[in-house]
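All values below were derived from every heavy atom in this structure, side-chain atoms included, with hydrogens, water molecules and symmetry-related copies excluded.
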Amino acid sequence: MLTFSRELLLSIDNSSMYHQLARVGLEQLKLLLAVPSSAQDLTSAITQHEAIVNGISTTVRSYYDKKEKFRIYHGSTNSTRSALKKNLVDTSKLCNVLSVNTEEKTCLVEPNVPMDRLVEATLRYGLVPPVVMEFPGITVGGGYSGTSGESSSFKHGFFDRTILAVEMVLADGEVVMLSPEEKADLFRGAAGAVGTFGVTTLVKLQLQDAKKYVETTYHPVTSMAEAISTLQEATVDPGLDYVDGIMFSKTQGAIVTGRLTDELEDGMSVQCFSAAKDPWFYLHVQKAIEKNPGPIKEAIPLSEYLFRYDRGGFWVGASAFDYFKFPFNKLTRWWLDDFLHTRMMYTALHASGESKKYVVQDLALPYSTAEQFVEYTDKEFGIYPLWLCPLKQSPYPTMHPHFNEVEADGKTLKPMLNIGLWGFGPRNHDEFIGKNRDLERKLRELGGMKWLYAHTYYDENEFWEQFDREWYDGLRKKYGAETLPTVYEKVKVDVEKEKNSEDGSMLRRLVKAWPFGGFYGIWRAIKSRSYVEARKSVWKELGRSN
């Protein structure tokens, strides 16, 4: 394991990195986080990484010898699933960008590096990951082990398709390298499998040239049918780098397209979204299309575009105002800005217990049934806005959402459309579960699948009908992962346990009741100091300095 880590890290030609770093002052070096500034620092970073991985390997081996299953503690989460607190393997110290190679356009990064810290590190070299999750706190490791499809995924696929190699601790403690050339079956199979093959400890990630701006166009649409048509046209345009959409209602929406550029057209306005005084992105888009019936074009600094949904968590943050029956306007959003970034909201959502009452689902469907699905959600949930994100499928077999229809060439998998359904569900627990179960039934009926980060109520047979269980079990057996929890064991909701929690002691019911649950969530969020991560974000200054 020591030989592998050292050889992998030192195989990168760091001469260009040192040349770049030599021109950067001490204060700016601090902003580069853990990117080493000298050969001595790089060696130190490698030694530290190896020591942490050795400790993880030893811990994992101990659970393997005792035939006990374990789970991974990352230090943070963007899942709405409940976290378990026993038999944990702590990987929270693996949180550094170890190196950036400007010639290869790659970087070596530990799994608990969040998107904002990664982007800050790579932008210093004029590089950026091709797929960046919109929430700054989502980590590199989470992007590999989960399903991360973003507005550039129509072009590049899920986040893991931009990964070149992975270091992983297997279930028996062995440390191995995975890549398209070495243990390729595990390299691809572990993507989206929520850590059920081993512990990811290092990632080699492909980068691409960054530009100053994303030239962004808002295309108004008046129906889901028009939205689908506009999305399909946009995703075959080779000049576009980003495509997504927002449906504000059945009859109002916008398809948002983006093109990386260093040059702006004369008179084009530049818009930012990260400061407390700035608008939330979705509200800005809605206001723009209401003012102008045709396409509206403006420039957004690259880092501002990548994390444009952070403030307000798309539009989920507006629900907090509904919950507390508090005015929702520009002034109150400015005043409460620290609480309305995604890191704080996730902390509060878990602590308050509201995650068990809030519909947070990402659903992937064939374009052919997407309109029918939205008709269903409109009638049964009435939740708006909806997020629309076109996705390139990963080759089968996979634990990512998928379906097996191909294009006319008989080889290329047809694209999918992700629909983000996020909003209040029924307050009654049994009704909430019933609604979610019906959602899963309707999704299967229409040939769709759901992301596994959220509440999953399928029984075991229903769950595995969607995936190639023979392939999955065979891969687990080949790499000795049968002592780890399965995907189903990790994502299923224990309905009876949740119900008992809802029906707990008088004190527990009181703490979770309105509005005490919300206040408790806020208190826990403040105590976590999650707002500090948002405040110290360098990417905000990078965007405004263009």
Side-chain angles (χ1 to χ4, degrees), residues 78-79 109 113-120 122-123 127-163 191-192 203 205-208 210-211 214 216 231 234-235 237 240-246 254-260 273-274 281-282 285 300-316 342-343 346 360-365 385-394 398 400-402 415-422 449-454 539 543:
N78 281 277
S79 170
V109 56
V113 172
M115 287 295 105
D116 50 0
R117 304 291 91 90
L118 174 63
V119 167
E120 287 166 356
T122 62
L123 282 181
L127 299 169
V128 69
V131 178
V132 176
M133 285 73 92
E134 274 96 347
F135 290 177
I138 298 177
T139 62
V140 171
Y144 175 64
S145 64
T147 293
S148 295
E150 312 304 333
S151 62
S152 60
S153 291
F154 78 96
K155 191 171 189 175
H156 301 286
F158 294 114
F159 175 76
D160 63 272
R161 303 302 294 185
T162 68
I163 291 176
V203 167
L205 185 65
Q206 184 67 60
L207 303 174
Q208 66 180 16
K211 303 289 184 182
V214 177
T216 310
L231 284 169
T235 52
D237 183 344
L240 293 176
D241 298 291
Y242 304 100
V243 177
D244 70 337
I246 305 169
I255 302 306
V256 182
T257 61
R259 181 179 68 87
L260 288 164
F273 300 99
S274 61
F281 179 72
Y282 87 97
V285 175
I300 303 175
L302 175 57
S303 55
E304 294 277 339
Y305 177 88
L306 295 175
F307 302 125
R308 64 202 181 281
Y309 288 116
D310 177 43
R311 291 176 61 243
F314 285 87
W315 36 84
V316 172
T342 48
R343 281 184 172 96
Y346 268 104
V360 183
Q361 299 283 354
D362 277 88
L363 307 315
L365 292 105
L386 300 174
W387 190 47
L388 310 178
C389 184
L391 303 168
K392 178 191 268 187
Q393 288 200 68
S394 291
T398 179
H400 288 313
H402 60 272
M416 303 180 295
L417 182 61
N418 175 47
I419 298 174
L421 182 71
W422 315 313
M449 298 180 70
K450 64 194 291 185
W451 265 232
L452 298 179
Y453 73 83
W539 62 266

Can you tell which of Val113, Thr139, Val109 makes a side-chain contact (heavy atoms from CB on, under 4.5 Å) with Val203?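 It is Val109; the other options fail the test.
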
Name the residue from Leu388, Val243, Asp244 that meets the side-chain contact (heavy atoms from CB on, under 4.5 Å) definition with Val256.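 When side-chain contact (heavy atoms from CB on, under 4.5 Å) is applied between Val256 and each of Leu388, Val243, Asp244, only Asp244 qualifies.
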
4.5 Å side-chain heavy-atom contact, [X] and [Y]:
X: Trp315; Y: Trp387; answer: yes
X: Leu123; Y: Leu302; answer: yes
X: Met133; Y: Leu306; answer: no
X: Leu118; Y: Pro129; answer: yes
X: Val316; Y: Val360; answer: no

Which value, rounded to the nearest 0.5 Å, describes the distance between [X] atom [atom1] and [Y] atom [atom2]?
X: Met449; Y: Leu363; atom1: CE; atom2: CG; result: 11.5 Å
X: Leu231; Y: Ile255; atom1: CG; atom2: CD1; result: 3.5 Å
X: Thr216; Y: Tyr242; atom1: OG1; atom2: OH; result: 9.5 Å
X: Ile138; Y: Phe307; atom1: CD1; atom2: CZ; result: 9.5 Å
X: Glu304; Y: Trp539; atom1: CD; atom2: CH2; result: 5.0 Å
X: Gln208; Y: Asp241; atom1: CD; atom2: CG; result: 7.0 Å

Indicate the atoms forming the closest heavy-atom contact of [X] with [Y], along with that distance.
X: Phe158; Y: Ser394; result: CD1-OG, 3.3 Å
X: Ser148; Y: Ser153; result: O-OG, 4.1 Å
X: Thr342; Y: Pro136; result: OG1-CD, 3.6 Å
X: Lys392; Y: Lys155; result: NZ-O, 3.1 Å
X: Ala364; Y: Pro401; result: CB-CB, 3.8 Å
X: Phe154; Y: Leu240; result: CZ-O, 3.6 Å

[X] side chain to [Y] backbone, donor-acceptor under 3.5 Å:
X: Asp160; Y: Ala191; value: no
X: Gln393; Y: Met416; value: no
X: Thr147; Y: His400; value: no
X: Ser152; Y: Pro130; value: yes
X: Gln361; Y: Leu421; value: no

Measure from NZ or CZ of Arg308 to the centre of the six-membered ring of Tyr305 and say whether it is under 6.0 Å with the direction within 45° of the ring axis.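 Yes, Arg308 sits over the ring of Tyr305.
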
Indicate whether any N or O donor in one side chain lies under 3.5 Å from an N or O acceptor in the other, for Thr162 and Gln206.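 Short answer, no.
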
Give me the ring orientation class for Phe314 and Tyr309: parallel if the planes are under 30° apart, tilted from 30 to 60°, perpendicular past 60°.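 Phe314 and Tyr309: parallel rings.
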
